[in-house]
Trainee: 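First, the structure itself, so that you have it in front of you.
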Amino acid sequence: MTTRAHAQNPLPQSRHIATEIPGPLSAQVIARRKEAVSAGLGMAFPAIITRAEGAIMEDLDGNRIIDLGSGIGVVNVGNANPAVVSRVTEAVQAFTHTNFTTAPYLGYIEVCEALNELTPGTFKKKSLLQNSGAEAVENAIKIARHYTKRQAIVVFEHAYHGRTNLTMALTAKNMPYKDGFGPFANEIYRMPMPYPYRYEGNAATMAADALADVTHKIEKEIGADRVAAIIIEPIQGEGGFIVPPKGFLPGLSEYATKHGIVFIADEVQTGFARTGNYFAVEDENVVPDMIVTAKGIAGGLPLAAVTARAEIMDSSHVGGLGGTYGGNPIACAAALGAMQAIREEKLVDRAREIGKILHDSLTAMAAKYSVIGEVRGRGAMQAIEIVVAGSKDPNPAAMATVIKYCQARGVLILTAGTYGNVIRFLPPLVISDELLKDALGVLDEAFASL
Ligand code: PLZ
């Protein structure tokens, strides 16, 4: 099932540098961007993309760039995956919109059925579709409050949940996400997050000590019976791919259950085959009451979802949930295509293989280059933390030099981290070993050049 355009003229899955980046044609369009587009938007990679397929993006000047970011963890099935493109093409020709709460259609229901099936937990589940991760997180909180008749929400240090008013309040980092954009929503309580690389306590008892600290604070500063929900990213994404110590997530989930608190996993970035499971919580057999998905579920089209125990999802009165575009038919068709691709191309297993290549190669680099303080992550979600050699002091300057070196040679790599010093890898799961190794070779040269 390849699409006509790509089948007739496939984009070679190889890196190619035709000009400097940005090339002259991209530079002209970037100048127009500067005049026309809000200055509040960043630009991580300065090239105007005209086509993309698999793990390669082509720009206006004919450069072919290796994509190690997947549009921030979105095109897990590869850019313009044939199953996504063909289903979207079919769907857009059938109809473009009805609004699901006006006149329903099958695609929305099929996506909900698939999510109810794929998410952990054998109990009856139901889903709600929205457009973006932030919108889905907002709905998750709204539903949890309605269900529990409680108001307090527990969040964590280094968390990222979005850019809307409520989700800015849930997000930890001030610059660039919150500065000057307040006032923020209330009844949000931030708890300490064990950050293994920077943990100052006893490493052997980190999970238990951190849990004791969090639950003590919940009891003393909020009152457990006032808490509607605990929301956490099973591996923190924008915060710097912080993997909590084993036992922390299961402990939190148990505590939530004991106190009637809805345990929400924000799997917007970790979800959908990325970490070598469909969901990152599966690694420790954690079964959240509610799970938020977006990004990777629809292969590039805007779609997000809240999936939870049926009694939670059904607690709202009719008309209490909705939105004009949520679960748009084209986005639903894309999601069904992405799910098909994950199944048929065995991308859950592929995420583990990619993870091993990434982890081995990055670990070898860490042994050679002392600015790499730590290699961490799971599956095809790996990161390195860049520090001043011989210390743990964040080194965003070295990180910027490395990123720029890679950019000039046609490798797109994203950054992250509370301290702005983490290089993160989120390659499309269809990337070949050869292409991944080519990109890692460029990265190795970048560190050598420091
Ligand atoms: N929850 C865990 O990672 C989005 C942000 C990009 P939206 N992360 C990428 C940027 O700079 O805005 C994200 C996430 C987690 C929620 C979200 C929000 O998802 O689809 O961007 O709203």
Side-chain angles (χ1 to χ4, degrees), residues 37-45 67-76 128-142 153 155-179 181 185 188 193 229-244 249 264-272 274-275 279-281 288 290-307 323 325-328 331 334-335 338 377-378 380-381 383 412-418 420 422 424-426:
V37 180
S38 164
L41 295 168
M43 176 169 60
F45 198 96
D67 176 13
L68 295 187
S70 299
I72 322 190
V74 173
V75 288
N76 293 358
L128 161 76
L129 303 184
Q130 297 286 344
N131 300 289
S132 67
E135 196 187 10
V137 170
E138 290 247 358
N139 276 275
I141 301 296
K142 181 170 146 179
I153 305 296
V155 294
F156 290 85
E157 291 171 351
H158 312 290
Y160 183 91
H161 298 290
R163 292 179 182 270
T164 58
N165 187 265
L166 175 61
T167 59
M168 271 193 291
L170 302 175
T171 291
K173 195 176 173 181
N174 180 49
M175 271 306 266
Y177 305 123
K178 301 165 76 163
D179 197 69
F181 295 132
I188 312 287
M193 176 75 194
I230 297 176
I231 180 165
I232 190 165
E233 301 153 83
I235 297 175
Q236 292 180 313
E238 304 302 313
F241 286 18
I242 301 167
V243 186
L249 291 176
I264 309 176
D266 178 344
E267 293 250 14
V268 168
Q269 195 158 156
T270 47
F272 257 66
R274 173 57 57 191
T275 61
F279 301 98
V281 287
M290 187 180 266
I291 190 156
V292 183
T293 49
K295 292 185 186 283
I297 67 173
L301 272 82
L303 189 72
V306 181
T307 302
Y325 293 114
N328 165 277
R378 189 181 304 145
M381 180 173 187
L412 186 164
I413 306 180
L414 298 172
T415 60
T418 295
V422 174
R424 60 172 147 171
F425 303 88
L426 293 166

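Read the numbers this way: they start at 1 and go in the same order the structure lists the ligands and their atoms.
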Trainee: Would a search of protein heavy atoms around atom 7 (P) of ligand 1 find one under 4.0 Å away?
Mentor: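 It does; a protein heavy atom is within 4.0 Å.
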Trainee: Within ligand 1, which atoms have a heavy atom of E233 less than 4.0 Å away?
Mentor: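 Result: 2 (C).
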Trainee: Give the atoms of ligand 1, by number and element, whose distance to some non-hydrogen atom of Q269 is under 4.0 Å.
Mentor: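 Those qualifying, in numeric order: 3 (O), 8 (N).
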Trainee: Which ligand 1 atoms does G133 reach within 4.0 Å, using its non-hydrogen atoms?
Mentor: 7 (P), 18 (C), 19 (O), 20 (O), 22 (O)
Trainee: So for atom OH, which belongs to Y177, do other residues, nucleotides or ligands contribute more than 12 heavy atoms lying within a distance under 6.0 Å?
Mentor: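 Yes, enclosed.
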Trainee: With side-chain contact (heavy atoms from CB on, under 4.5 Å) as the test, pick out the partner of H161 among D266, V292, I264.
Mentor: D266
Trainee: Look only at the side chain of Q130 and the backbone of G323, and say whether a donor-acceptor pair between them is shorter than 3.5 Å.
Mentor: no
Trainee: Under a plain distance cut-off of 3.5 Å, with no hydrogens placed, do Q269 and E238 share a side-chain donor-acceptor pair?
Mentor: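 Short answer, yes.
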Trainee: Give a yes/no verdict on whether any heavy atom in K295 is under 4.0 Å from an atom of ligand 1.
Mentor: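 Judged by the 4.0 Å heavy-atom criterion, K295 does count as contacting ligand 1.
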Trainee: Distance under 4.0 Å to a non-hydrogen atom of A134: what atoms of ligand 1 satisfy this?
Mentor: 7 (P), 18 (C), 19 (O), 22 (O)
Trainee: Heavy atoms only, cut-off 4.0 Å: how does A294 contact ligand 1, side chain, backbone, both, or neither?
Mentor: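 No part of A294 comes within reach of ligand 1.
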Trainee: Hey, which atoms in ligand 1 end up nearer than 4.0 Å to a heavy atom of I72?
Mentor: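 In order of numbering, the contacting atoms are 6 (C), 9 (C).
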Trainee: If you count the atoms of ligand 1 from 1 in the order shown, which ones are under 4.0 Å from a heavy atom of S132?
Mentor: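 Close to S132: 20 (O), 22 (O).
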Trainee: For atom 11 (O) of ligand 1, what's the nearest protein heavy atom and its distance?
Mentor: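 Checking every protein heavy atom, the shortest distance to atom 11 (O) of ligand 1 gives R163 NH2, 2.7 Å.
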Trainee: Between ligand 1 and Y177, is the shortest N or O to N or O distance under 3.5 Å?
Mentor: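 N/O-N/O distance under 3.5 Å: no.
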Trainee: Classify the contact between E135 and ligand 1 as side chain, backbone, both or neither, using a heavy-atom distance cut-off of under 4.0 Å.
Mentor: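 E135 to ligand 1: no contact under 4.0 Å from either part.
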Trainee: Who's the nearest protein heavy-atom neighbour of atom 1 (N) of ligand 1, and how far?
Mentor: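 Going by distance alone, atom 1 (N) of ligand 1 is nearest to D266 OD2, 2.7 Å.
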